[in-house]
Amino acid sequence: CSSQKKEGAYWYFGTFAGIHFNSIPPVPDFNGKISTPSATSSYSSASGRLLFYSSDNQLFDGNHNLVESDLSLGGNVNSMFAAKVPFTNTYYLFQGAQLFPDNFFSFFYHKLDADSLTGTIKILTRKQLLIRNSLPLTLCLDHSNPYKKWIVGFSRPTQQNESSKLRIYELDSSGLKLIKQTDVNSSLIFAIPSPKSDLFACLNLVSSNNKHVLFKFDKSTGDIKRLYALNLPQSFFPSSTPVFSPNGKLLYCLGRRSSPFEISLFQYDITSLDSNIAANSGVKVFSSGTTDQNYLPFYSMQIGLDGKIYGLNSSANLIDFQSLNQINCPDVRGVGCGVQMNVFSLGGRSASSQLPVLNQTLFVNADKFQAISDKIKICRGDSAELSAFGASISSFIWSVNGSNTVLSTSSNYKVSPAQTTTYRVRGEGCNQTKDTTITIEVLPRPVANLGGNKTICAGKSVAITNPVNGNVRY
């Protein structure tokens, strides 16, 4: 099964804007060196250490050192994500850009090696073209084989009588391999998969009213099946990429109409395979109430590790760019999902027009309350950092399992137990209470025994053998 830790902990985007989720609630991060209106991406280690982040042209390592300043093949990069080859230190950074002089939108990648201990990276391969004539539809999905990932890209016809295709690749330690191609008869754009990788949604450009189209994805075979087109209420047009709820059962879509002018966020229950049932499930969870036609709230949306959804505002007013909106309980049906506007300050930094384009498999368990540790085994006298997050939980109580003594009320808790100990954390949020536990195993410190004392004459030597397994310093 798929697991999730803190690979999506750091976001850098816009004009030196950033967030990190290594504490809950998340906090603004001002260490990023990106300033761009285009797409960005980032990747962290399982424990939440930043590994790398990138813009259209620049690549920085986890220590904020510039590694590359010429990533793009040219043109505006408006699609980007990173994917890790499971159980390796190898990462693929995928980019989509409109290339000059023919203006084809193309899909290409760079291959990286990242060290999770030092935060340093190396570029192994750069600027490898994958699809020459494409559209901004690029996806990473979990594979039923834990050693693999699926990569999906859109291929437009290059000759007459050809059809558009979805190309499905397997990614593993041997590289990228094209497995199959699926014909599609429409121009699809702005795709996003569910965190569970069983569905993905995208915009149909050639439809008379730009409908969202929902597809079923088979994680074992890579087979894709079109389910249905999802209609927004009459006279509303989709205005941004949709986003799935963390549990994958709801879809949030931003709609806009001209007369009378209105911008609203709709929530749909997509658990039914019947298009009419799904369409009729639509609930308006937010309406802007503005006549400013340049204002688009929730123009870009992204799930966070805390299980909330974050959205930025597209606006002519700079102030609107300097904070993010939240859907606090996105798995809750209806207005109880708790939309809040401009509640997360970016500390005066501008979000520009896009949140990071993150691989959605990084949030596969964002609907679950989780506890992790930077170390599961420690030697007596050492410490471990415990961390709890997910499921839209906002308050925390740590204790030793079986005890009512409160140890901490923060999301993170540093422990140094004298013996193997199981800790329990209770979380509350969105009218729910959840418990989870984590065990820290305490091992005795190794004892070096070099044997009895030896006497030698001056100038002579004696060999000392390694007294324990592992690294030894004398």
Side-chain angles (χ1 to χ4, degrees), residues 1-10 20-24 26 43-51 62 84-91 114-120 142 145-147 149 173 195 246 304-307 359 361-391 393 395-427 434-448 468-473:
C1 65
S2 299
S3 62
Q4 170 212 298
K5 292 189 178 178
K6 284 192 170 182
E7 292 91 343
Y10 280 88
H20 78 74
F21 291 80
N22 277 325
S23 61
I24 303 298
Y43 218 103
S44 301
S45 70
S47 63
R49 174 170 186 151
L50 178 65
L51 295 180
K84 180 183 180 180
V85 178
F87 305 105
T88 74
N89 293 324
T90 303
Y91 297 77
D115 188 326
S116 61
L117 297 178
T118 64
T120 57
D142 277 325
N145 182 337
Y147 289 88
K149 294 285 186 181
S173 59
L305 284 180
D306 55 357
N359 171 351
T361 67
L362 303 186
F363 307 99
V364 61
N365 289 325
D367 60 322
K368 297 178 175 60
F369 187 43
Q370 304 171 72
I372 68 169
S373 175
D374 61 344
K375 297 183 284 288
I376 294 297
K377 296 182 179 182
I378 61 173
C379 287
R380 186 175 292 114
D382 291 343
S383 61
E385 183 83 16
L386 310 183
S387 180
F389 54 95
I393 295 299
S395 67
F396 307 85
I397 298 176
W398 289 94
S399 62
V400 172
N401 195 31
S403 169
N404 293 323
T405 302
V406 176
L407 302 176
S408 174
T409 56
S410 298
S411 62
N412 296 343
Y413 178 49
K414 191 173 184 178
V415 299
S416 184
Q419 59 189 12
T420 297
T421 304
T422 298
Y423 295 91
R424 183 183 75 239
V425 57
R426 171 163 293 178
K434 292 180 177 288
D435 285 17
T436 190
T437 61
I438 185 168
T439 298
I440 302 301
E441 184 179 354
V442 179
L443 305 173
R445 286 193 173 279
V447 177
V468 295
N469 292 325
N471 295 325
V472 174
R473 289 184 297 176

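Owing to the predicted nature of the structure, the values given are computational and were not obtained by experimental measurement. Side-chain atoms are counted along with the backbone in the values below, which use heavy atoms only and exclude waters and symmetry mates.
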Response to the item:
Correct closest heavy-atom pair for Lys6 and Ser44 would be O-CB, 3.5 Å
Item to complete: Check whether any side-chain heavy atom of Val425 sits under 4.5 Å from a side-chain heavy atom of Tyr413, and report yes or no.
Response: no
Worksheet item: Within a radius of less than 6.0 Å around NZ of Lys377, do more than 12 heavy atoms belonging to other residues, nucleotides or ligands occur?
Response: no
Worksheet entry | Distance (rounded to the nearest 0.5 Å) between Ser373 OG and Glu385 CD | 8.0 Å
Fill in: Reported CG-to-CG distance for the pair Leu117 and Asn89, which is rounded to 0.5 angstrom
8.5 Å
Worksheet item: With no hydrogens and no angle check, is any side-chain donor or acceptor of Lys375 less than 3.5 Å from a backbone partner on Ser383?
Response: yes
Worksheet item: Do Thr409 and Ser395 come within less than 4.5 Å of each other through their side chains, counting heavy atoms only?
Response: no
Worksheet item: So which heavy atom on Asn359 is nearest to which on Thr361, and how close?
Response: OD1-OG1, 2.7 Å
Fill in: Any side-chain heavy-atom pair of Ser399 and Thr405 under 4.5 Å
no
Fill in: Asp306 vs Ile393 side-chain heavy atoms within contact, under 4.5 Å
no
Item to complete: Give a yes or no on whether the backbone of Val442 and the side-chain of Arg380 come within a donor-acceptor separation of less than 3.5 Å.
Response: no
Practice prompt. Examine distances only and state if a side-chain atom of Gln419 and a backbone atom of Pro417 form a donor-acceptor pair shorter than 3.5 Å.
Written response: no
Worksheet, complete the sentence: So CZ of Arg424 and OG1 of Thr436: to nearest 0.5 Å the spacing works out to 11.0 Å
Worksheet entry | Verdict with supporting geometry, Leu407 and Val400, side chain to side chain contact (heavy atoms under 4.5 Å, CB included) | CA-CA 8 Å; Leu407 302 176; Val400 172; 3.9 Å; yes
Item to complete: Could you tell me whether the side chain of Lys149 reaches within less than 4.5 Å of the side chain of Pro86, counting heavy atoms only?
Response: yes
Discussion item. Could you walk me through whether Val415 and Thr421 satisfy the side chain to side chain contact (heavy atoms under 4.5 Å, CB included) test, starting with their C-alpha distance in whole Å, then the side-chain angles of each, then the deciding distance to 0.1 Å, before giving a yes or no?
Written reply: CA-CA 10 Å; Val415 299; Thr421 304; over 6 Å; no
Worksheet item: At what distance, to the nearest 0.5 angstrom, does CG of Leu386 lie from NZ of Lys414?
Response: 11.5 Å
Fill in: Heavy-atom side-chain contact between Asn22 and Tyr10 under 4.5 Å
yes
Practice prompt. Test side chain to side chain contact (heavy atoms under 4.5 Å, CB included) on Ile372 and Ser47 and set out the steps.
Written response: CA-CA 8 Å; Ile372 68 169; Ser47 63; 5.7 Å; no
Fill in: Side-chain heavy-atom pair Leu362, Leu305 within 4.5 angstrom cut-off
no
Discussion item. Counting C-beta onward and ignoring hydrogens, is there a side-chain heavy-atom pair between Tyr423 and Asn401 closer than 4.5 Å?
Written reply: no
Item to complete: Please report the shortest heavy-atom distance between Ser116 and Ser45, naming the atom on each side.
Response: CB-CB, 4.0 Å
Fill in: Interatomic distance, Trp398 atom CH2 to Ser403 atom OG [nearest 0.5 angstrom]
14.5 Å
Discussion item. Restricting to non-hydrogen atoms, name the atom on Ser387 and the atom on Asn412 that form the minimum distance, rounded to 0.1 Å.
Written reply: OG-OD1, 3.0 Å
Fill in: Smallest separation among heavy atoms of Cys379 and Pro444, with atom names
SG-O, 4.5 Å
Fill in: Phe21/Phe389 aromatic ring centres below 6.0 Å
no
Fill in: For the student: nearest non-hydrogen atoms of Phe396 and Ser411, plus distance
CE1-CB, 3.6 Å
Practice prompt. Find the distance between OG (Ser410) and CD1 (Ile24) and round it off to the nearest 0.5 Å.
Written response: 11.5 Å
Discussion item. Students often mix this up, so state it plainly: with edges at 30° and 60°, are the rings of Tyr147 and Phe87 parallel, tilted or perpendicular?
Written reply: tilted
